Amino acid sequence: MAAQGGVLFQEKVSRLLSRQNGKPVLKPNRPLVLKDSVANRKPKKGEASCITEMSLLMACWKQNNFVDGLCSNEIHSFYTCVQTTQAAMKNRSEQGNITGGRLSPKQATTLLRRFPNLQSEI
C-alpha cells in the first residue's frame with residue numbers, strides 16, 4: 001500500500017514537471033534532492049539569569065563608590081546565583097543528550113552522511 005502511494009506521488013511529480021501541456025507547472029531552481037548535511041546552528045540561548053542580584057550589586061557599588069569590601073554580601077549572592085545557574089544548565093544539557101527528542105545538527109549530519117539520500121531526482 002505504501003509502495004503504491006509512493007509510485008502515485010512520483011507519477012504526480014513527474015507529470016507536474018513535464019512539458020506535456022506547454023510550460024511545466026513546477027519549475028524548481030535546484031534539484032529535488034535532500035542534502036546529506038544539516039546547517040550547523042547553535043541552539044537558542046535562554047533568558048538571562050541573576051539579573052536581580054547583578055542590579056543589587058551595581059546599586060551597592062554606586063552607593064559605596066565601587067568599593068568591593070562594602071558590598072561583599074551582594075557579591076557573594078551574585079556568585080552563588082551564577083554557580084547554581086551554571087550547574088542547572090549543565091544538568092539540563094546532559095539530560096538533553098541522554099533522553100533524545102531532537103538531534104543536534106552535528107548528530108543529524110553524521111547520520112545523513114552514514115545513510116545518504118538518492119542523488120537523482122524522482
Side-chain angles (χ1 to χ4, degrees):
M1 181 74 180
Q4 184 182 9
V7 172
L8 292 174
F9 178 73
Q10 288 178 354
E11 289 175 1
K12 185 174 182 178
V13 169
S14 63
R15 187 177 60 236
L16 290 173
L17 291 173
S18 70
R19 292 185 178 263
Q20 189 174 15
N21 299 328
K23 291 184 178 181
V25 177
L26 294 175
K27 186 177 179 184
N29 55 358
R30 294 183 183 143
L32 298 176
V33 179
L34 295 176
K35 291 184 178 181
D36 289 332
S37 62
V38 176
N40 194 10
R41 295 188 178 131
K42 293 183 180 179
K44 294 180 180 178
K45 298 253 181 186
E47 62 183 50
S49 57
C50 304
I51 298 294
T52 306
E53 289 81 0
M54 187 186 304
S55 62
L56 289 173
L57 175 61
M58 290 184 178
C60 180
W61 276 339
K62 188 174 182 181
Q63 288 175 353
N64 297 312
N65 293 326
F66 299 96
V67 177
D68 285 340
L70 300 174
C71 300
S72 61
N73 290 337
E74 287 81 0
I75 292 172
H76 180 68
S77 66
F78 175 68
Y79 282 136
T80 305
C81 179
V82 168
Q83 287 176 350
T84 56
T85 304
Q86 286 177 345
M89 290 176 70
K90 186 177 180 182
N91 289 337
R92 195 178 320 136
S93 67
E94 288 175 358
Q95 288 176 351
N97 291 340
I98 294 171
T99 58
R102 295 186 67 151
L103 293 174
S104 69
K106 189 173 185 179
Q107 292 171 331
T109 300
T110 304
L111 286 174
L112 285 170
R113 286 188 179 153
R114 188 181 300 168
F115 305 105
N117 294 303
L118 298 174
Q119 294 298 322
S120 60
E121 292 186 27
I122 298 174

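No experiment lies behind these values; they were computed from the predicted model shown.
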Hey, any chance Leu57 and Leu70 share a hydrophobic cluster, counting ILVMFWY side chains that come within less than 4.5 Å of each other, even indirectly? no
Does Lys62 form a side-chain contact (heavy atoms from CB on, under 4.5 Å) with Met58? I'd like the steps, not just the answer. CA-CA 6 Å; Lys62 188 174 182 181; Met58 290 184 178; over 6 Å; no
Counterpart residues, side chain to side chain contact (heavy atoms under 4.5 Å, CB included), relative to Thr85 (two or more places apart): Ser49, Cys50, Cys81, Met89
Single-linkage hydrophobic cluster Met54~Val82, side-chain heavy atoms < 4.5 angstrom: yes
In Å, rounded to the nearest 0.5 Å, how long is the span from CD1 of Ile51 to CZ of Phe78? 8.0 Å
Of all heavy-atom pairs between Glu74 and Leu56, which one has the smallest distance, and what is that distance? CG-O, 4.1 Å
Where Trp61 and Val67 come nearest, the two heavy atoms and their spacing: CD1-O, 4.2 Å
How far apart are the closest heavy atoms of Ala39 and Pro105, and which atoms are they? O-CB, 3.4 Å
Residues Val38 and Thr109: closest non-hydrogen pair is N-OG1, 3.1 Å
So how far is it from Cys60 SG to Ile75 CD1, rounded to the nearest 0.5 Å? 7.5 Å
Atom of Asn64, atom of Cys71 and distance for their closest heavy-atom approach: ND2-SG, 3.5 Å
Taking atom CZ of Arg113 and atom CG of Leu111, what is their separation to the nearest 0.5 Å? 11.5 Å
